[in-house]
Amino acid sequence: MTKTDPAMLVLASLADGDKHGYAIMLDIQAFASVEVGPGTLYGVITRLEQRGFIRPVPSEGRRQPYHLTAAGRMHLGETIASLETIVRVGSRRLKHA
Amino acid sequence: MRRLLDYLVRLYPQEWRHRYEDEFHALLDDVPLRWMHVFDVARGAVSMRMRSPLAILTIGLIAGAVLGGVSVITRGEVFESEANVLVDAREFLRLDENGRPQALDRVLEPLSSRERERVAIEFRVELAGGTPVPRGRTLLRLSGRNGTAAAAQRLVQRLVDGVEGVTKDAVVVNEPSLPSSPKFPRLPATFSVLGVVNSAAQGLLIGYLWLLFASWIRRLRGTSGGSDHQIPHSA
């Protein structure tokens with residue numbers, strides 16, 4: 001996973017609360033300075049929904065908000081934990097190098 | 001640009017559109033559109049299409065057939081003609097300052113550089129003599145390729161005429177033939193169809209290999225499972 005992995009960015013965005021597509025794009029732009037295009041975003045949304053990490057929530061209007069499921073929260077937590085290990089070990093080794 | 005995007009959205013698989021099209025259009029209405037979004041949506045359509053095994057195999061088959069067809073049509077036919085000439089070995093093997101037989105230089109001299117690329121000259125000397133080269137003789141095999149049978153024959157005839165200053169024993173100009181398909185020298189249509197079928201089969205094979213590769217990547221990521229190819233039902 002890299003900083004620009006769109007799937008993780010979408011999960012991280014939804015961890016803050018339910019959002020529709022454009023709100024997710026704006027949030028990712030704000031917290032990660034990464035621009036995710038509409039085609040990429042909906043490719044990711046399709047995959048994450050297939051894997052049960054997010055689900056659509058009922059809404060009025062054409063905008064469809066999504067909700068981070070328990071499985072998605074667990075997956076995000078595991079990925080962040082593994083990244084934290086990499087960051088910790090990498091930082092320590094850089095200091096000693 | 002919005003109209004172009006609407007067209008691109010229609011390229012997504014029908015099953016995907018049934019589930020996501022309305023909300024995707026709502027997103028496109030919200031986003032201040034730029035050209036990069038057009039490419040992004042086009043890439044998304046290809047990516048969605050490439051998730052179905054049947055679609056991948058079909059795309060491979062069609063792409064292979066189209067590429068093969070274009071290649072066969074643009075490449076055209078190549079005819080090859082050949083002549084075998086027996087010459088006096090001692091006269092032929094007089095060498096120039098570069099160590100090449102002088103007679104060869106005289107054969108190639110009248111040809112343009114483009115014509116020289118289309119000809120090949122081999123020579124064979126049997127010191128002990130025998131078949132097909134008798135003692136004291138050199139067998140020159142002169143061949144030339146061109147777009148028509150007549151042009152190939154003319155090119156070879158010029159090579160034969162260029163063998164000067166040596167005693168020629170025999171000259172045989174053969175029937176021109178297609179070197180890449182010698183069994184069907186006069187059936188270019190058959191050759192073309194075979195070429196297209198061959199390319200289509202290669203496209204199918206590449207598509208199949210892509211499927212194997214994608215399945216391997218999914219297993220590596222631990223995301224295997226039939227659900228990857230299924231679009232979720234509407235909320």
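We use all heavy atoms of the structure for the numbers below, so side chains are in, but hydrogens, waters and symmetry mates are not. Lettering follows sequence order; numbering is per chain, from 1.
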**Q.** Residues in residues 26-40 of chain B near chain A [non-hydrogen atoms, under 4.5 Å]
**A.** B:A26, B:L27, B:L28, B:D29, B:D30, B:V31, B:P32, B:R34, B:M36, B:H37, B:D40
Q: Report yes if some heavy atom in the side chain of A:Y42 is under 4.5 Å from a heavy atom in the side chain of B:Y12; otherwise report no.
A: no
Q) Mind checking whether B:F24 and B:R17 have side chains closer than 4.5 Å, heavy atoms only? A) no
Q.
Can you tell me which portion of A:I45 sits under 4.5 Å from chain B's heavy atoms? Options are side chain, backbone, both or neither.
A. both
**Q.** Electrostatic pair B:R158-B:E115, nearest N-O below 4.0 angstrom
**A.** yes
Q: Please say whether more than 12 non-hydrogen atoms of neighbouring residues, nucleotides or ligands are located less than 6.0 Å from CZ in B:R114.
A: no
Q: Give a yes or no on whether a salt bridge exists between B:R2 and B:D6, defined as a side-chain N under 4.0 angstrom from a carboxylate O.
A: yes
Q: Compute whether any side-chain donor of one residue and acceptor of the other, for B:E15 and B:Y20, lie under 3.5 angstrom apart.
A: no
